[in-house]
Protein chains: 2
Amino acid sequence: MERNLSTIAAGTRKRRGEGHTRRDEILIAAKELFLREGYQATTIRRIAEVVGVSAPALYLYFKDKDAILIALCDQTFSGLIELMDELDRQALTPMERLRSCGAAYIRFALEHPREYWLTFMSGNTPAEVQKRGHKPETFDPDEPGSKGAVAFSRLMGTFRDIESSGFQLNYPVETAAELVWMSLHGLVAALINNPEFPWTKRDVLIDGMLDLTMRGVVKAPEKS
Amino acid sequence: MERNLSTIAAGTRKRRGEGHTRRDEILIAAKELFLREGYQATTIRRIAEVVGVSAPALYLYFKDKDAILIALCDQTFSGLIELMDELDRQALTPMERLRSCGAAYIRFALEHPREYWLTFMSGNTPAEVQKRGHKPETFDPDEPGSKGAVAFSRLMGTFRDIESSGFQLNYPVETAAELVWMSLHGLVAALINNPEFPWTKRDVLIDGMLDLTMRGVVKAPEKS
DNA sequence: TCGGTAAGTTATCAATGTTAAGTTAGTGGC
DNA sequence: GCCACTAACTTAACATTGATAACTTACCGA
């Protein structure tokens, strides 16, 4: 438990206008600690210690501890979006792209389980859920905490492409995208949250879930 | 936020041998508070106050705060098991029973979203996940925290019945059960955790997910 | 060079989970 | 009847936590 994490820049004070680099340092340290010890177990003081700065200094850059987590979630979502951009660049049929997208999503989650956990499963207490029951009427994709919706809308775009390329869906695009994402999330959430449970082989589960969702959502083409 | 929760039994001290009733009172109060305010937001002192007892008294009955949550999770799982018992008593074909079981699961989750959240999504920090990577070699279904596995094995039984009643599955029973449960969990987890997200209609999503999983897991019978 | 302010510090707060140590009161044995 | 035993508590305190208030430092532009 005592693996040491060297301080990033002990004693150096940032030049004027260079505060954002300190902000980045905080994010790097916080991410490392959140992933290693968990969100709750990571204290503001510990983050500050790793950065090489006093604890209250963090409040110059983040409203509170949650804001640090939200910023990190946005980073993760941006990573997912980039991952989809890459798939767009490859010459794939929309169907191929959908499956690749699903496979990439699962791979990302299982290769970075703690990051996935942090992003998709660490927030959201029931109390919070009850509180913020309202949405802002104007959607700003750059405001903290809204990169997730951007990523999801990209998935919907893939379904639109599938439909306009001649395939028939069993559901409207929104519903199809939601069902597929929910299924994949259910898979990785279970695997990540209960790694000790005696699941059947991962490869079987992954391929099984991809088959299940693809077949379930897009109509089998008529044999001609 | 100030809804008052009357104390259960202020000032009365339990007779000798009646400690377990105090334990039950603690569970009732803790459940109410956990559901209302969330796990983190609920303090040991507040639970004690509602029960009408001093804070350290809780440690006579529970090792720590987590132990209270685990006991409540077991209660929830027992409820799910009972729900399945009820379906067993109805005269249904195995296929009907599977779908009813899935529908009942979803209904339970959406009717008691906070209880579901508490049971399936509130624990499991990444740190914990890394720590308890070992399982006890002897499985005791009555030891705290293991009612979940019992409930899941019941679902597998349903798949065994389907198979032995002549249907063919696309996967081994374990895999089939896991895929179905994961999908349904993904659905309700998303709906519960992000109720403000503009999902398509719930009924469509629920029926869609049930269709998707059933069709995906059991082979369509040959038309004769 | 010097005032404004970005970038920090120290001191302190109230709240939290948990433990130590002492107290009360019911009960079985004589 | 009473007395030792112990189940069922209490009060006091601890170390840690997230967060704030108030003060300081040092860089940069005019």
Side-chain angles (χ1 to χ4, degrees), chain A residues 1-2 7-30 33-34 36-72 122-123 125 127-128, chain B residues 1-2 7-30 33-34 36-72 122-123 125 127-128:
Chain A
M1 200 63 80
E2 301 296 314
T7 60
I8 294 180
T12 72
R13 183 196 182 103
K14 292 296 172 186
R15 293 268 175 86
R16 279 214 165 186
E18 297 298 312
H20 61 95
T21 64
R22 180 58 37 100
R23 200 189 117 101
D24 291 342
E25 289 171 7
I26 294 171
L27 284 177
I28 291 171
L33 287 168
F34 286 168
R36 193 181 271 185
E37 316 281 350
Y39 177 68
Q40 285 297 335
T42 300
T43 67
I44 292 280
R45 286 169 172 80
R46 181 84 181 97
I47 300 172
E49 181 191 351
V50 170
V51 174
V53 102
S54 76
L58 300 206
Y59 291 90
L60 294 175
Y61 304 102
F62 298 96
K63 180 180 148 292
D64 54 19
K65 198 183 168 190
D66 275 345
I68 301 178
L69 177 59
I70 289 174
L72 288 173
S122 68
T125 72
E128 291 166 21
Chain B
M1 199 64 79
E2 302 295 315
T7 61
I8 293 181
T12 71
R13 183 198 183 102
K14 291 296 173 187
R15 293 268 175 88
R16 278 212 166 190
E18 297 298 312
H20 61 95
T21 65
R22 180 56 43 97
R23 201 189 117 100
D24 291 342
E25 290 172 7
I26 293 170
L27 284 177
I28 291 171
L33 287 168
F34 286 168
R36 193 181 273 185
E37 316 280 350
Y39 177 68
Q40 286 296 337
T42 300
T43 67
I44 292 280
R45 285 170 171 80
R46 181 83 180 99
I47 300 172
E49 181 192 351
V50 170
V51 174
V53 101
S54 76
L58 300 207
Y59 291 87
L60 295 175
Y61 305 102
F62 299 95
K63 180 181 150 292
D64 53 18
K65 198 183 169 191
D66 276 344
I68 302 178
L69 177 60
I70 289 175
L72 288 174
S122 68
T125 72
E128 291 165 21

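Order of the sequence lines fixes the chain letters, A, B, ..., with proteins taken first and strands second; residue numbering starts at 1 for each chain.
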Looking at B:R45 and C:dG17, is any side-chain donor or acceptor paired with a base atom of the opposite kind under 3.5 Å? yes
task = Look at the side chain of A:R13 and the base of D:dA26, then say whether one donor and one acceptor between them are separated by less than 3.5 Å.
result =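 Flag unset: no donor-acceptor pair detected.
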Practice prompt. Identify whether any heavy atom of A:T43 sits under 4.0 Å from a base atom; if not, whether one sits that close to sugar-phosphate; answer base, sugar-phosphate or nothing.
Written response: sugar-phosphate
### Query
For C:dT16, does either OP1 or OP2 sit under 4.0 Å from a side-chain N or O belonging to B:R46?
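No.
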- prompt: A:Y61 side chain N/O closer than 4.0 Å to the phosphate oxygens (OP1, OP2) of C:dG8?
  reply: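 Checking A:Y61 against C:dG8: at least one side-chain N or O falls below 4.0 Å of OP1 or OP2.
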Taking atom [atom2] of [N] as reference, at what distance in whole Å does atom [atom1] of [X] sit?
X     : N      : atom1 : atom2 : value
A:L60 : D:dA26 : CG    : C1'   : 15 Å
B:L58 : D:dT10 : CG    : C1'   : 13 Å
A:Y59 : C:dA6  : OH    : P     : 21 Å
A:F62 : D:dT20 : CZ    : P     : 15 Å
B:Y39 : C:dG17 : OH    : P     : 8 Å
B:I44 : C:dT18 : CD1   : C1'   : 9 Å
B:K65 : C:dT16 : NZ    : P     : 9 Å

Self-check item: Shortest side-chain distance from B:P56, nucleotide among D:dG18, D:dA8, C:dT19
Solution: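 Nearest nucleotide to the side chain: C:dT19.
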Considering only side-chain heavy atoms of A:D64, which listed nucleotide, C:dG8, D:dA19, D:dT10, is closest?
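It is D:dA19.
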| Is it true that a side-chain atom of A:D64 and a backbone atom of A:A67 form a donor plus acceptor pair closer than 3.5 Å? | yes
Any non-hydrogen side-chain atom of B:F34 less than 4.5 Å from a side-chain atom of B:I47?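 B:F34 reaches B:I47 side chain to side chain.
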Here the pair of heavy atoms bringing B:Y39 nearest to B:K65 is O-NZ, 3.0 Å
Closest non-hydrogen contact found for A:V53 with A:R22 is CG2-NH1, 3.2 Å
